[in-house]
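Reading through the structure tokens given below for one structure.
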Amino acid sequence: MQLKSFLRSSSLGSSSKRSSYSRNFDLPDDTVPAETLDIGGEYVGGAMLPIFLNDLRRNNDQDLVEVTLELDDNSIVLCSVAPTPSHVNAEGSDEGEEEAPNGFLARSASAASKIRRKFSWIRSPSVRSRTSAGASEVADDNFQQHRNHNTLLAREEMKSKLKLVRSKSAAQRALGGLRFISKTTSESDTNVLWKKVEARFHALAKDGLLAREDFGECIGMMDSKEFAVGVFDALVRRRRQRTTKITKTELHEFWLQISDQSFDARLQIFFDMADSNGDGKITRDEVQELIMLSASANKLSKLKERAAEYASLIMEELDPEGLGYIELWQLETLLLQRDNYMNYSRPLSTTSVGWGQNLGTRSKTKNLIKKASYALKCIVLDNWQRGWILLLWAMIMAGLFTWKFLQYRRRAAFQVMGYCLATAKGAAETLKLNMALVLLPVCRNILTWLRSTRAKLLVPFDDNINFHKIIAHAIAVGILLHAGNHLVCDFPRLINSSPETFALIASDFDNVKPTYKSLLTGIEGVTGIAMVILMAIAFTLATRSFRRNVLKLPAPFNRLTGFNAFWYSHHLLAVVYVLLLVHGTFLFLVHQWWQKTTWMYISMPLLLYVAERSLRTCRSEHYAAKILKVSVLPGDVFSLTMSKPSSFKYKSGQYIFLQCPTISSFEWHPFSITSAPGDDYLSVHIRMVGDWTNELKRVFTEDDSSTCEIGRAKFRERGNVDQRGLPRLLVDGPYGAPAQDYQNYDVLLLVGLGIGATPFISILKDLLNNSRSEELDSNTETSASDDSWTSLASSSVASSGKKKSLRTKSAHFYWVTREPGSFEWFKGVMNEVAEMDHKGLIEMHNYLTSVYEEGDARSTLISMVQALNHAKHGVDILSGTRVRTHFARPKWKEVFNKIASKYPYSTVGVFYCGLPALAKDLKKLSQELTYKTSTRFEFHKEYF
């Protein structure tokens, strides 16, 4: 067999990608015709051409033909099949020439026919056009069968590879998911839980049968009854039944299946939930139905609306061949590959930790001495600032009480009224001090200024409100001692004293023995009783039960609860201070002005407080805000964007007070600033939780002149707001907060619950702006230094004008919220961080507590879709940003351990804003990790 081939120049020219390829080969006599293969207008040979050519080499027939093929990137076209000229010329005889047409040419024609039949799938377009419709249909059927066969072979190969993947340790962790009941359920726990299920069965069953609708409540899925119905239907289909009620025995069988510790068993139940017709295959519609079921169980309405899109995404990933269904093992593959999908995402939401030896560098506390030492160290580290302030305050009070007590112990009045008088006067002296001190913690402007001085190293300004409350409690105790001793002890002793005894102090009462009534109706008595009544009202309405609406009172007494009652009742204390000055001037036993010391105590703090309030009033008029934009956001939140006055300067983490005279001329409410200091505007995010905030939203979003949807017709883009008819909004501030000192730390751990994320949004913006400024400065210095003539001058200028380098090298932001709509509040910030944070300075972690934790069967499919969509499109399905959303609550101990491991010998500022409950846990972890590792955690908190 002679095999001859040659390459001819393309008739299309050098610019064409197509070439003509001629190859001589023989054909086996038993060639079986192949059918036409047509794939969307493209005719591709695939892998069968080399196999067929190899078969030709084994043929000994000497017939030679010339086959001309046109090769393109995507197709092969058969141009011609003809006898080779060389072979014809080799015959050389007339007989051969005569025989050629009937002999060789006949055989060549036969060979060409065989080739055309064998390579019908590369038939030229002119030949194909002559192919009958019936033959094309048969060819399409044969191709489809061939294609399906290859597809099934590919799927079987992938299925076999899955067995190897499951043996890896990383996969074993993934196999721990798909829990239908408890996170850690042993055999004994299952029995205990079954007893509870059995008890609920007896309570819910009717005539010994449990209804399908009650199955969820019975097994403990009270909040996911629709999902539980899906589990019920899947288990019933396994039994080849169609029933809506089950017996206790069947319930126990179902319980054993869903509590099975085998991952394969749980995966099969999950698969059966989607496989509604029980054919062992899941279609796109069935995947969509299961996504909607999971979305309903987790209260994700937006996810439910896009279920069709995400079902198509899963089918595109698991069914690339387009068979229209997936099988059990493919669903398992998606579950196993979830972590791999997430590795494609930028580390905005995953802590990239280099595990070091920081953890466990100190030995564990194994005895009481070490435990006591650890506890003492935590107390000292965390409370030394508070401790010395409180100790100094207590010592001053004790000194004043003792001094006044001993002073009256030596007076003649002591012979008449005894220790009751000395105790009352000692308590009065502490009252003067505390009535002066109680004003200082609420002088916000003074405290904000002191925060920027070295005084912050010694004084815990973050605890100003706590100190204010402690002093208020001390005032209450002082009132009880002072007023109680007067009313119950020394007044009765005075009016019942003998004439000889009264004669010792008769000059103090104009030589007239007073009666009990005259003591109470005099200036001292009236002012004293009035102060006690007013302070009792203010103190009572300031308690948490009244201020936070915890106490529910019937109308009209319900007006005594809430912030408004607290705010207005506190202004009664202005009257109290006036009465206190009068009360301290008209004293029974003191007549010299320099001995009447009440005004000496309270005059200076009172003047400071009056000046403070006056400054607020004047400044608020100057800082009247011009509204630029109002945005109504999900979750009963709206944002206000205002123009920033030219002289208004603030730090990230600070807050301002807002007043709307249209609503009330007296009420001021605090809100954290969410814009960065470098922005040319001010912004706040306000959650509607009371009468004032609801009214504020109404007056800024409702238009009386026309009906508009949530104010959208009135407020469009920033700067395009009609100011006519808008209510005035007064701004007072800024005021200091714990988070404003974030730049003093190497690493930041920012934790916000719900709307508590607001103070940290400004910090994130500021960090991003500072990082970009450093990059620009670095680029400017580099470009300037390229000029050899000006490099020295530019370097000196840059170094002299260069800003102080940012100490904070990393920030970890944890935002925990219940509602997925909350992510809309700061969606722009998260996207900005994703796009502009080139240094990886900020890590953002969103946690949605309304979704069941990762591993729960009710969130498994959502987790799969989330991972897949994040890998393919880089967008989280819940937040709509590049920041991935985690489910349930963070494992704070792991968070702290990872940060301690990644940043040894660093100072971490832990800033928390939210409800008080979590603050205790974070504070405890900060103390524990500070003691056990070389990383120092300093905890700061704000409550809302």
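Because the structure is a prediction, the values reported are computed rather than measured. Throughout, residue positions are numbered sequentially from 1 according to the sequence presented.
- Residue D691 places its CG atom among 12 or fewer non-hydrogen atoms of other residues, nucleotides or ligands, all under 6.0 Å distant.
- At a cut-off of 3.5 Å, with distance as the only test, a side-chain donor of D766 or Y742 sits close to an acceptor on the other residue.
- Looking only at side-chain heavy atoms (C-beta outward), R884 and H886 come within less than 4.5 Å of each other.
- Partners of R444 by salt bridge (charged side-chain N to carboxylate O under 4.0 Å, His left out), not counting sequence neighbours: none found.
- For W384, the CH2 atom is densely surrounded, since the number of other residues' heavy atoms within 6.0 Å is greater than 12.
- When the side-chain contact (heavy atoms from CB on, under 4.5 Å) test is applied to R818, the partners found at least two apart in sequence or on another chain are T849.
- Residue pairs satisfying the salt bridge (charged side-chain N to carboxylate O under 4.0 Å, His left out) criterion with at least one member in residues 729-742, sequence neighbours excluded, are listed as follows: R619-D732.
- When the ring pair (Phe, Tyr, Trp, His ring centres under 6.0 Å) test is applied to H669, the partners found at least two apart in sequence or on another chain are F563, W692.
- T933 places no side-chain N or O within donor-acceptor distance of the main-chain N or O of T930, the cut-off being under 3.5 Å.
- The side-chain contact (heavy atoms from CB on, under 4.5 Å) search around E819 returns R687, S822, not counting sequence neighbours.
- Taking the six-membered ring where tryptophan is involved, the planes of F760 and F911 are tilted, since the angle between them lies from 30° to 60°.
- In K872, the NZ atom is crowded: over 12 heavy atoms of neighbouring residues, nucleotides or ligands sit closer than 6.0 Å.
- In this structure D746 satisfies the side-chain contact (heavy atoms from CB on, under 4.5 Å) test together with R807, S906, T907, sequence neighbours excluded.
- Between K629 and S631 the shortest side-chain heavy-atom distance falls below 4.5 Å.
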